[in-house]
Amino acid sequence: MPFNLSLAEREGAGLKRTLPVIERVDGRRLYVDGEQYLNFAGNDYLGLSRAPELLAAAEQAARHYGVGAVASPLVVGHQAIHRELEAELCDWLGLEAVMLFSSGFSANQAVIKALLGKEHSLWQDRLNHASLQEAGLLSPARMVRFGHNDMNALEAKLKPAAGLIVSEGVFSMDGDTAPWPELVRLARVSNNWLMIDDAHGLGVLGREGRGTLNEQGLAPNSVNIFMGTFGKALGVSGAFVGGSRALVEYLHNFGRSYIYSTHLPPPQAAAVLAGVRLVRQADDRRAHLRDLVARFRAGVAGLPLQLLPSATAIQPLVVGEETATLKLADALKQQGLWTGAIRPPTVPKGSARLRITLSAAHTRADVQRLIDALHSAL
Ligand SMILES: *Cc1c(COP(=O)(O)O)cnc(C)c1O
């Protein structure tokens with residue numbers, strides 16, 4: 001088995017990943033080895049992971065339903081709390097039907113592998129999340145990648161009525177958004193299906209936090225498949241896929257990672273439900289987050305690093321070289337600031353970066369501390 005060789009290679013290139021053990025974490029802080037850090041690496045964009053409303057909902061559901069779903073959804077795992085969450089998601093997002101998954105990774109597997117056959121094509125943005133790329137590689141469809149947000153490149157590669165176009169609302173490692181009005185137009189004129197993975201837009205963008213499509217003035221049914229996750233702004237974990245009733249019924253029957261997997265735990269569904277209700281009324285949290293983003297961008301504008309053009313909670317600073325990125329992350333750690341050092345293959349070679357994420361749980365003073373530390377480290 002060549003695995004130890006690959007591992008040694010990664011280590012030599014400064015690319016080996018290790019697993020930190022976090023003792024306690026929320027949107028604002030984390031604790032490792034008894035030390036406290038400000039957390040600028042998570043995805044708890046609205047600071048909901050410890051919101052009292054979510055904790056209470058999870059606790060109450062655990063007492064009523066138990067901590068586990070006990071079975072897969074089609075057996076006896078689909079309980080009243082799951083149905084209630086599905087109804088709330090439909091109401092919030094304006095979708096005809098939704099279904100729940102225990103992770104976004106498995107949701108993307110189910111959709112792409114169940115919908116596409118070898119006669120189909122799947123067009124993907126080059127920077128789409130690994131779960132989408134992986135599903136595309138494992139499906140029999142012909143996968144076609146197009147340059148990041150390059151609509152001319154996509155248009156040139158499209159074939160009429162041949163399959164599915166998939167892109168993200170907000171790109172996870174870059175923080176920028178896809179041009180959805182143009183994607184919708186291209187899908188219509190070419191008569192292909194369109195799917196959004198809005199893991200990072202949901203809760204943060206749009207009216208009531210309905211996500212990237214709403215932010216860009218589009219109706220939810222301008223895409224055929226609306227996928228979102230609960231592990232980012234909703235502060236929990238899990239995911240949903242929404243669309244027409246027919247789509248959801250089809251996936252109930254053919255989505256293998258849905259059918260053959262234990263349903264998400266009822267306390268988790270209850271926490272997400274409380275989270276959605278909170279998110280719909282969280283304009284104050286979203287406004288605070290936008291204020292922090294603007295302050296951060298203004299504060300690091302003079303640094304000798306490339307700040308990617310992002311208006312979202314994800315604010316990547318591209319360093320380029322891997323070891324320099326690790327060194328900068330370490331220097332920040334010394335000052336009690338935890339950022340994500342993201343290296344290839346998660347991002348393209350030569351674009352290693354600090355993936356800095358802001359949360360409504362941060363204060364202005366927290367963000368100023370980060371800005372000051374970046375200035376003194378560089
Ligand atoms: C996080 C993420 C996923 C995977 O979701 P999980 O629930 O963490 O498995 C899928 N797509 C995108 C764009 C993501 O950022």
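A quick note: this is a predicted structure, and the numbers were derived from the prediction, not measured. Indexing begins at 1, ligand by ligand and atom by atom, following the structure's order.
In the candidate list Glu168, Met173, Gln109, Glu168 is nearest to atom 13 (C) of ligand 1, counting heavy atoms.
Counting only distance, with no hydrogens or angles, the side chain of Asp91 and the backbone of Glu88 share no donor-acceptor pair below 3.5 Å. Looking at Asp33, its side chain never comes within 3.5 Å of a backbone N or O of Glu35 through a donor-acceptor pair. Between the Arg28 side chain and the Ala360 main chain, no donor and acceptor come within less than 3.5 Å of each other.
The minimum heavy-atom distance linking Met227 with Ala107 is given by the pair CE-CB, 4.3 Å.
Atom 15 (O) of ligand 1 has as its closest protein heavy atom His200 NE2, 2.5 Å. Protein heavy atom nearest atom 3 (C) of ligand 1, with residue, atom name and distance: His129 CE1, 3.4 Å. In terms of protein heavy atoms, atom 2 (C) of ligand 1 is closest to Lys232 NZ, 2.6 Å. Nearest protein heavy-atom contact of atom 4 (C) of ligand 1 is Phe105 N, 3.6 Å. Of the protein's non-hydrogen atoms, Asp197 OD2, 2.6 Å is the one closest to atom 11 (N) of ligand 1.
Across Asp176, Asn128, Asp174, a single residue satisfies side-chain hydrogen bond (donor to acceptor under 3.5 Å, both in side chains) together with His148, and that is Asp176.
Note: an N/O pair closer than 3.5 Å links Gly104 and ligand 1 by distance alone. The shortest N or O to N or O distance between Ala199 and ligand 1 is not under 3.5 Å.
A cation-pi contact, defined as under 6.0 Å to the ring centre and within 45° of the axis, is absent between Lys157 and Trp123.
In the vicinity of Thr229, heavy-atom distances shorter than 4.0 Å reach the ligand 1 atoms 5 (O).
The shortest separation from a heavy atom of Ser131 to ligand 1 is under 4.0 Å, placing the residue in contact.
In this structure, the separation between CG on Leu202 and CG on Leu89 is 8.0 Å, given to the nearest 0.5 Å.
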